[in-house]
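In what follows, a structure is listed as structure tokens, so that the remarks can point back to it.
Just so we're on the same page: letters track the sequence lines, and every chain starts at 1.
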Amino acid sequence: MLKVSDLECMRGERSLFKDINFSLEAGELMQVNGPNGSGKTSLLRMLCGLAIPVHGEIRWCGNAIRSLDEEYHNAITYLGHLNGTKDNLTAIENLRISSALAGNEIDESEGYMALRHMGLGGCEILPVKVLSQGQRRRVALARLLVCRTVLWILDEPLVALDSAAVKLVQSLLVQHLDQGGMVVMATHQDINVAAVITKRLQLA
Amino acid sequence: MLKVSDLECMRGERSLFKDINFSLEAGELMQVNGPNGSGKTSLLRMLCGLAIPVHGEIRWCGNAIRSLDEEYHNAITYLGHLNGTKDNLTAIENLRISSALAGNEIDESEGYMALRHMGLGGCEILPVKVLSQGQRRRVALARLLVCRTVLWILDEPLVALDSAAVKLVQSLLVQHLDQGGMVVMATHQDINVAAVITKRLQLA
Amino acid sequence: MAINWFKYSSPASFYSLAGKMTPLFSITAFALFVAGLYIGFFVAPTDFQQSEAYRIIFIHVPAAWMSMFLYLIMASWAAIGLAFNTRLSSMIATAIAPTGAMFTFLALWTGALWGKPMWGTWWVWDARLTSELILLFLYIGFMALQAAIDDPRRADKAGAVIALVGVVNIPIIYFSVKWWNTLHQGATVSLTQSPKMAATMLTSMLIMGLACWMYSIAVVLMRTRTIILERERHTMWVSELQGTA
Amino acid sequence: MSWASWSDFFAMGGYGFYVWGSYLVSFFCMAGEIALAFNRKRTLLRQLSLIHKPIQKEQNNETTP
Amino acid sequence: MFLWVIQRDLLLAMRQRADVLTTLFFFIIVVSLFPLGVGPEMNMLRIMAPGVVWVAALLSSMLSLERMFFSDYLDGTLEQMLLSPQPLSLLVLGKALAHWLVTGLPLVLIAPVLGIQFNLPMDSLLVLTASLLLGTPVLSLIGAIGAALTLGLRGGGVLVSLLVLPLYIPVLIFGTGAVEASSVGLGASTHLSLLGALLLASLVLTPWAAAAALRISME
Amino acid sequence: MFLWVIQRDLLLAMRQRADVLTTLFFFIIVVSLFPLGVGPEMNMLRIMAPGVVWVAALLSSMLSLERMFFSDYLDGTLEQMLLSPQPLSLLVLGKALAHWLVTGLPLVLIAPVLGIQFNLPMDSLLVLTASLLLGTPVLSLIGAIGAALTLGLRGGGVLVSLLVLPLYIPVLIFGTGAVEASSVGLGASTHLSLLGALLLASLVLTPWAAAAALRISME
Ligand code: HEM
Ligand SMILES: Nc1ncnc2c1ncn2[C@@H]1O[C@H](COP(=O)(O)OP(=O)(O)OP(=O)(O)O)[C@@H](O)[C@H]1O
Ligand SMILES: Nc1ncnc2c1ncn2[C@@H]1O[C@H](COP(=O)(O)OP(=O)(O)OP(=O)(O)O)[C@@H](O)[C@H]1O
Ligand SMILES: [Mg+2]
Ligand SMILES: [Mg+2]
């Protein structure tokens with residue numbers, strides 16, 4: 001489904017990586033590894049279409065993602081270093097609005113359920129700015145619970161999470177992969193997603 | 001040296017923790033544990049004097065830290081969730097300026113050495129905004145290499161770091177503790193600082 | 001035409017081409033300046049209304065023309081760069097801006113120095129003057145935006161957007177200002193055109209105009225070359241150039 | 001030729017300040033622009049020669065036996 | 001989707017209730033500074049009034065421009081918006097509209113009161129309000145381009161003013177022109193219809209330009 | 001330490017070379033907007049000139065206030081400054097001074113040129129410049145308090161204007177008063193010495209107030 005060929009990334013005057021080739025099928029997890037500054041974030045942003053590669057191509061179901069544009073956006077969910085939550089809105093408002101912007105309107109009860117599932121029971125109507133770092137990350141992750149996209153692109157989803165939340169994310173990933181989803185993930189922490197096909201991409 | 005008694009923290013209308021008592025002597029590491037939102041960050045900010053407890057006292061060498069003020073600031077280094085680096089300044093400028101503001105002027109060569117030690121060789125004169133998350137964290141951590149303070153208060157220092165950098169931080173901590181320093185640290189990742197006295201504080 | 005344009009759209013070959021052409025344009029510009037000034041100051045007769053002050057026209061009018069032409073040209077190159085993603089066109093656009101701003105400033109300055117003896121004031125809020133001032137702001141906005149962006153590719157594209165928006169706006173601005181001014185009556189002094197512009201005056205003005213063109217081309221080529229080097233400093237051909245030079 | 005003398009020429013019929021003010025400033029603007037352009041290029045070339053020095057040396061070593 | 005964007009921005013504005021009010025107060029204060037700076041002669045003030053009100057409107061619209069995308073940029077929401085399956089220009093239109101509702105509309109409503117302070121006659125007040133009603137959305141729309149271009153640049157707040165103020169000038173001229181024309185008995189309809197034309201043109205064109213600018217800034 | 005703060009802020013300003021220039025051009029553009037809004041009659045413009053120049057100076061000083069602490073706040077530098085062993089008020093003084101050097105001084109230098117556009121006579125130009133020289137540092141100093149108080153509040157940019165503009169009014173009145181007094185032949189020295197007194201007072205008092213405000217905002 002996702003096919004990357006000959007990808008090259010230039011930042012400033014340095015070539016971060018080149019000749020990246022891989023493909024991802026339904027049910028597969030791709031883990032991007034590499035030391036700090038090796039270009040994981042840059043790669044994931046290219047996969048989303050947020051950055052444009054100097055060379056190489058990214059294809060989704062056979063078409064270049066640049067030509068698909070909005071259609072492709074319907075198929076992916078991206079979670080970056082930044083949470084994409086507004087400090088002054090409450091957790092539930094953040095979740096509902098960000099889902100709606102991603103083309104997936106959810107009603108209140110669904111939102112509450114997702115937040116509760118992420119361990120945010122009791123914090124639903126607090127503005128995000130008073131939440132702790134880990135709780136903010138959980139609000140951002142709650143989007144994964146309600147979205148209906150195929151490809152998840154996750155940039156260090158585990159940052160600031162405690163061990164309970166890490167387990168939660170693991171089970172979330174397993175479930176998504178079982179249902180034929182795909183995941184591309186960059187993380188420094190070891191994550192244990194058993195019994196699924198895991199590919200690894202090592203950046204220098 | 002550092003003595004905390006009966007500390008209580010209120011956020012909003014909730015009491016996050018109360019009756020926290022501990023003391024820390026030279027060469028001791030205090031690890032603050034607890035799930036997301038349990039109040040680790042709030043505790044550390046109180047220890048720095050950035051937040052004021054509703055109840056209880058924090059004493060440094062016998063004096064309440066509020067009364068010491070600038071004298072106390074000379075003795076601590078705080079590293080929070082935020083890096084405290086300016087996006088538009090280069091790594092070396094950031095390091096030198098933040099050290100100077102902490103009352104510890106360093107010359108260029110010392111700065112370069114610290115950065116190189118943190119694995120930032122080659123990035124010294126890049127503006128911080130083009131660095132990766134992990135590299136930014138390393139710039140912030142480089143302050144620990146050049147500072148001459150006794151008490152380090154670290155809030156999740158390992159976030160976004162790769163395993164090499166985690167080892168680096170570990171050895172840094174060991175060295176600091178060996179020299180009679182003190183560390184208070186909150187982290188979700190397991191860190192392995194062998195052969196020193198480690199105290200643990202578990203927040204609910 | 002014998003020149004293979006496609007070939008010269010690569011920065012490397014443009015660099016050498018521009019290197020050959022710069023002296024040519026510089027010399028032409030110099031010669032034309034000398035000729036134009038000679039005719040302007042030694043051949044053209046004294047104007048019976050404005051005495052000698054009118055001789056400012058030989059620099060004022062060409063500067064005013066250039067300020068407008070250069071904006072259009074800059075915007076066109078920027079648009080080409082944005083549409084076809086050709087690096088060279090964007091670099092040329094970036095190189096034109098300072099020259100255009102300089103001519104705009106000159107038009108304002110010489111105009112002001114002309115206005116004082118003729119109108120008794122350095123400045124009036126006349127349509128032409130005002131829109132020239134706004135043009136200066138547009139140039140400066142373009143340059144400030146590009147200067148504020150570190151990444152050259154982003155700077156090129158952002159500059160192109162603002163230049164194009166400016167082009168759409170210039171006619172609107174011009175007509176609005178004109179209208180604004182003519183609806184007010186009062187202290188408006190219109191530019192007094194010398195009744196019958198002597199043929200020598202016209203010649204001199206045209207020659208000076210041509211000289212300004214040549215000058216602009218020369219300076220822009222020079223600046224483009226520098227920009228090319230700055231941006232391509234890590235490529236093979238630049239290091240080869242260094243090796244041989 | 002309409003000028004009786006050089007001082008006449010410089011006086012410009014009493015408008016010397018304005019006329020020469022225009023032309024001198026124009027001259028200095030253009031000259032300054034050229035100077036800036038040259039200067040920019042010179043500093044750049046100096047930087048470049050620092051960057052590419054190793055390459056240059058290697059080439060020299062190869063070509064001069 | 002479009003509605004969600006507007007709703008979200010309005011919600012944010014309401015959450016910080018002071019937000020709407022501050023733009024409004026900025027407007028009021030700037031307008032009131034002039035009598036202090038220029039002196040109290042009423043005739044003088046009456047002539048100045050439309051110009052002062054319009055310049056103040058320009059400034060307060062511009063001042064709040066940075067807010068249009070910047071906080072979304074900082075916290076990553078903008079990234080998410082770029083990845084949303086709806087056309088970006090629609091989204092930008094939504095944000096510009098929300099900006100107008102929060103910062104432009106209140107000015108339109110308060111302007112007559114300020115005009116009275118300057119001793120403007122009734123007709124002029126009406127024309128002033130009408131011109132603001134037509135003109136302020138244009139300011140938000142043009143401003144969106146500037147805000148998108150300067151995203152994340154240092155000194156963006158001031159840079160954006162450098163970029164957009166020159167582009168605001170036609171609006172200023174037609175806006176004040178309308179009031180003056182009506183006060184000398186010429187009728188304001190030409191000016192107002194020109195403002196209307198500007199509004200239509202910018203409704204059609206600016207969302208594209210701003211969307212392109214956003215893409216460039218986020219790359 | 002004090003010098004480090006100034007040096008750091010100037011370095012930041014220079015890094016983005018355009019920074020200094022943009023405040024300046026903002027000032028120039030705002031001043032030029034007025035004739036466009038009010039009309040081109042020179043007599044009218046001459047009377048308005050000091051008011052317009054001073055209001056524009058107020059606005060451009062104020063617009064750049066947000067920058068004084070906000071970016072330091074966002075990235076955590078300010079936290080570090082509060083933990084620094086030097087007195088906070090000195091630090092604030094340094095930041096206010098850097099702000100003036102970057103945003104105030106250039107205005108003082110360009111003001112005479114703008115005065116010419118408004119047909120001001122020579123004396124008035126001189127007095128205008130002198131009044132700006134004495135007055136603009138006061139703006140930066142008072143502004144520091146406002147900037148510190150509004151730190152991290154949403155819509156801070158507009159809120160700060162609401163807080164500081166009223167405090168700026170004495171400066172505005174003495175500044176324009178000086179020019180008007182000189183133009184009617186009364187001599188500007190009283191006004192100018194009042195401005196000087198304001199400057200001294202704010203040099204002594206505002207750093208403390210701003211430091212206290214910072215502590216409150218960061219708590
Ligand atoms: C700051 C003041 C001035 C500015 C900004 C200014 C600007 C301009 C501009 C933009 C043009 C070109 C217009 C076009 O080609 O359509 C122009 C042309 C001209 N200006 Fe000025 N001007 C100024 C002052 C003056 C003064 C004081 C005079 C003479 C008393 C003057 C005489 C002329 C003449 C004769 C032309 C050529 C006329 C033509 O080609 O239509 N200008 N000026
Ligand atoms: N303008 C530039 N000049 C030089 N290097 C640059 C420039 N812009 C970005 N870089 C480099 O590009 C890399 C970006 O890395 P990226 O953020 O993709 O890393 P990452 O693998 O996500 O790292 P981390 O694990 O720390 O998140 C960094 O090494 C950075 O130094
Ligand atoms: N105004 C408020 N009303 C209710 N609860 C609040 C309020 N302000 C803060 N809180 C709560 O206080 C806690 C702050 O936690 P803190 O940031 O100290 O957690 P932490 O232990 O550092 O967590 P993490 O591991 O996620 O960083 C959160 O649980 C938050 O919900
Ligand atoms: Mg990364
Ligand atoms: Mg925390």
Sub-3.5 Å donor-acceptor pair from the side chain of A:R143 to the main-chain atoms of A:L95, do we have one?
-> no

Any chance NZ of A:K199 has more than 12 other-residue heavy atoms, nucleotides or ligands included, within less than 6.0 Å?
-> yes

Of the backbone (N, CA, C, O) and the side chain (C-beta and beyond), which part of A:R137 lies under 4.5 Å from a heavy atom of chain B, both, or neither?
-> neither

Side chains of A:D155 and A:T41: do they bring a donor and an acceptor to under 3.5 Å?
-> yes

Heavy-atom pair count under 4.5 Å with chain A, highest-scoring of B:R14, B:R138, B:K40 = B:R138

Which atoms of A:L161 approach chain B - backbone, side chain, both or neither, heavy atom under 4.5 Å = both

For B:D6 and B:N21, what are the C-alpha separation, side-chain angles and deciding distance, and is it a side-chain contact (heavy atoms from CB on, under 4.5 Å)?
-> CA-CA 6 Å; B:D6 271 350; B:N21 290 287; 3.8 Å; yes

Turns out that what part of A:A165 lies under 4.5 Å from chain B's heavy atoms comes down to side chain

Is it true that a side-chain atom of A:N94 and a backbone atom of A:L89 form a donor plus acceptor pair closer than 3.5 Å?
-> yes

Flag if over 12 foreign heavy atoms under 6.0 Å of CD1, A:I52 | yes

Residues B:E124, B:R116: salt bridge by 4.0 Å N-O rule | yes

Residues 26-39 of chain B vs chain A, non-hydrogen distance cutoff under 4.5 Å, contacting residues -> B:P35, B:N36, B:G37

Counting only heavy atoms closer than 4.5 Å, note whether A:E156 contacts chain B via side chain, backbone, both or neither.
-> side chain

A:I92 versus A:Y112, closest heavy-atom pair with distance | CD1-N, 3.5 Å

